[in-house]
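So you know, we letter chains A, B, ... as the sequences are listed, proteins then strands, and number each from 1.
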Amino acid sequence: MPQNPTGQRIQTFYDRVYEFVRGVPAGRVVTYGQVALELGSPAAARAVGYALSYLPNESAVPWWRVINAGGEISYRNRGISADMQLRLLIEEGVAFGANGKTDLRTYRWWPEG
DNA sequence: GAGATGACGGGCT
DNA sequence: AAGCCCGCCATCT
C-alpha cells in the first residue's frame with residue numbers, strides 16, 4: 001500500500017472507490033460513471049472499472065452492484081464472472097430484461113437518499 | 001516523464 | 001440498433 005514519507009497510509013483513488021461501493025445496499029446498483037462523479041472525478045469512470053478489476057470475486061466489496069451507464073453488466077464476458085454478477089444481482093432482486101438491461105431509474109442508488 | 005492499460009461514456013455513423 | 005472512435009483518468013513500467 002502507498003505511504004507518504006511519514007509512514008502514514010495514503011488513501012488512493014482506488015481505496016475511495018472501494019469505500020464508496022461498500023456503501024451500496026443489496027438490491028440496488030450504481031454506475032461506474034456515478035461512482036467517479038461521487039468521488040469528485042466525473043470523467044474517471046474508466047479508472048473506477050480498473051480499480052474493481054483488482055478485487056477477487058469473493059471480496060467484501062460488493063463489486064457486482066456496479067454496472068455501466070447503459071444498465072448492463074460489463075466485464076467483457078471475461079469467463080464466468082459476468083454470469084456470476086448477473087446471478088448475484090438477480091438473487092438480490094434486481095430485474096434484468098431479455099436485452100440484458102436493468103432499469104436504472106428503479107434500481108440506481110444514491111447516497112444519503 | 002512518456003507510454004501503456006482498461007469491468008467507461010458519449011457522440012457519431 | 002449496433003458498432004466504432006476518441007477523450008478521460010489513476011496507476012504502473
- Message: Between the base of C:dA10 and the side chain of A:Y50, is there a donor and acceptor pair under 3.5 angstrom?
- Response: no

- Message: Give the residues of residues 58-69 of chain A touching DNA chain B, defined as any heavy atom closer than 4.0 Å, sorted by residue number.
- Response: A:W63, A:N68, A:A69

- Spacing of A:Q34 atom CD and A:W109 atom CH2 [to the nearest 0.5 Å]: 8.0 Å

Name each donor-acceptor pair under 3.5 Å that joins a side chain in residues 90-98 of chain A to protein atoms two or more places apart or in another chain, with its distance.
| from | atom 1 | to | atom 2 | distance (Å) |
| --- | --- | --- | --- | --- |
| A:E91 | OE2 | A:R87 | NH1 | 3.1 |
| A:E92 | OE1 | A:G27 | N | 3.0 |
| A:E92 | OE1 | A:R65 | NE | 3.0 |
| A:E92 | OE2 | A:W64 | NE1 | 2.9 |
| A:E92 | OE2 | A:R65 | NE | 3.2 |
| A:E92 | OE2 | A:R65 | NH2 | 2.8 |

- A:L88 atom CG is separated from B:dA7 atom C1', nearest whole Å, by 15 Å

Give every donor-acceptor pair under 3.5 Å between a side-chain atom in residues 16-26 of chain A and any protein atom, sequence neighbours left out.
| from | atom 1 | to | atom 2 | distance (Å) |
| --- | --- | --- | --- | --- |
| A:R16 | NH2 | A:L39 | O | 2.6 |
| A:Y18 | OH | A:A51 | O | 2.7 |
| A:E19 | OE1 | A:Q11 | NE2 | 2.8 |

- Note on the structure: Quick note, A:A47 side chain, CB onward, closest among B:dA7, C:dA10, C:dT11 is C:dA10

- Query: In terms of side-chain heavy atoms of A:F13, which of C:dC9, B:dA7, C:dT11 is nearest?
  - Reply: C:dT11

Quick test: give all pairs of protein nitrogen or oxygen and nucleotides 11-13 of chain B nitrogen or oxygen below 3.5 Å, distance rounded to 0.1 Å.
none

- Message: How many whole angstroms separate atom CD of A:E19 from atom P of C:dA10?
- Response: 17 Å

- Note on the structure: When rounded to the nearest 0.5 Å, the distance separating NZ of A:K101 from CG of A:N68 is 8.5 Å

- Query: Is there a donor-acceptor pair closer than 3.5 Å between any side-chain N or O of A:R108 and the backbone N or O of A:V29?
  - Reply: no

- Between B:dG9 (C1') and A:R108 (CZ): distance, integer Å: 12 Å

- Query: Roughly, in whole Å, what's the span from CG in A:L55 to C1' in B:dG6?
  - Reply: 14 Å

- Round to the nearest Å and state the distance from A:L89 atom CG to B:dA7 atom C1'. 13 Å

- Message: I'd like to know if A:L88 and A:L52 are part of one continuous hydrophobic network [Ile/Leu/Val/Met/Phe/Trp/Tyr, side-chain heavy atoms within less than 4.5 Å].
- Response: yes

- Query: Taking CG from A:L104 and C1' from B:dC8, how many angstroms apart are they, rounded to a whole number?
  - Reply: 14 Å

- DNA chain B nearest-nucleotide lookup for A:V48 and A:G70: closer to the 5′ end is A:V48

- Note on the structure: A:R16 CZ to C:dT11 P, in whole Å, measures 10 Å

- Query: Atom CG in A:L89, atom CD1 in A:I73: separation rounded to 0.5 Å?
  - Reply: 5.0 Å

- Query: Is a side-chain donor or acceptor of A:W63 paired with a backbone partner of A:L55 at a separation under 3.5 angstrom?
  - Reply: no

- Query: Roughly how far, to the nearest 0.5 Å, is the CG atom of A:L104 from the CD atom of A:E72?
  - Reply: 9.5 Å

- For DNA chain C, determine which residues of residues 33-43 of chain A have any heavy atom closer than 4.0 angstrom to one of its atoms, and list them numerically. A:S41, A:A43

- Message: Taking the nucleotide of DNA chain C with the nearest heavy atom to each, does A:Y54 or A:A45 sit closer to the 5' end?
- Response: A:A45

- Query: If we take the P atom in both C:dC8 and B:dC12, what is their distance in whole Å?
  - Reply: 15 Å

Would you list the protein and nucleotides 3-6 of chain C atom pairs, both N or O, that sit under 3.5 Å from each other?
none

- Item | Spacing of A:L52 atom CG relative to B:dA7 atom C1', expressed in whole Å | 7 Å

- Message: Please confirm whether the shortest side-chain N or O distance from A:T12 to OP1 or OP2 of C:dT11 is below 4.0 Å.
- Response: yes

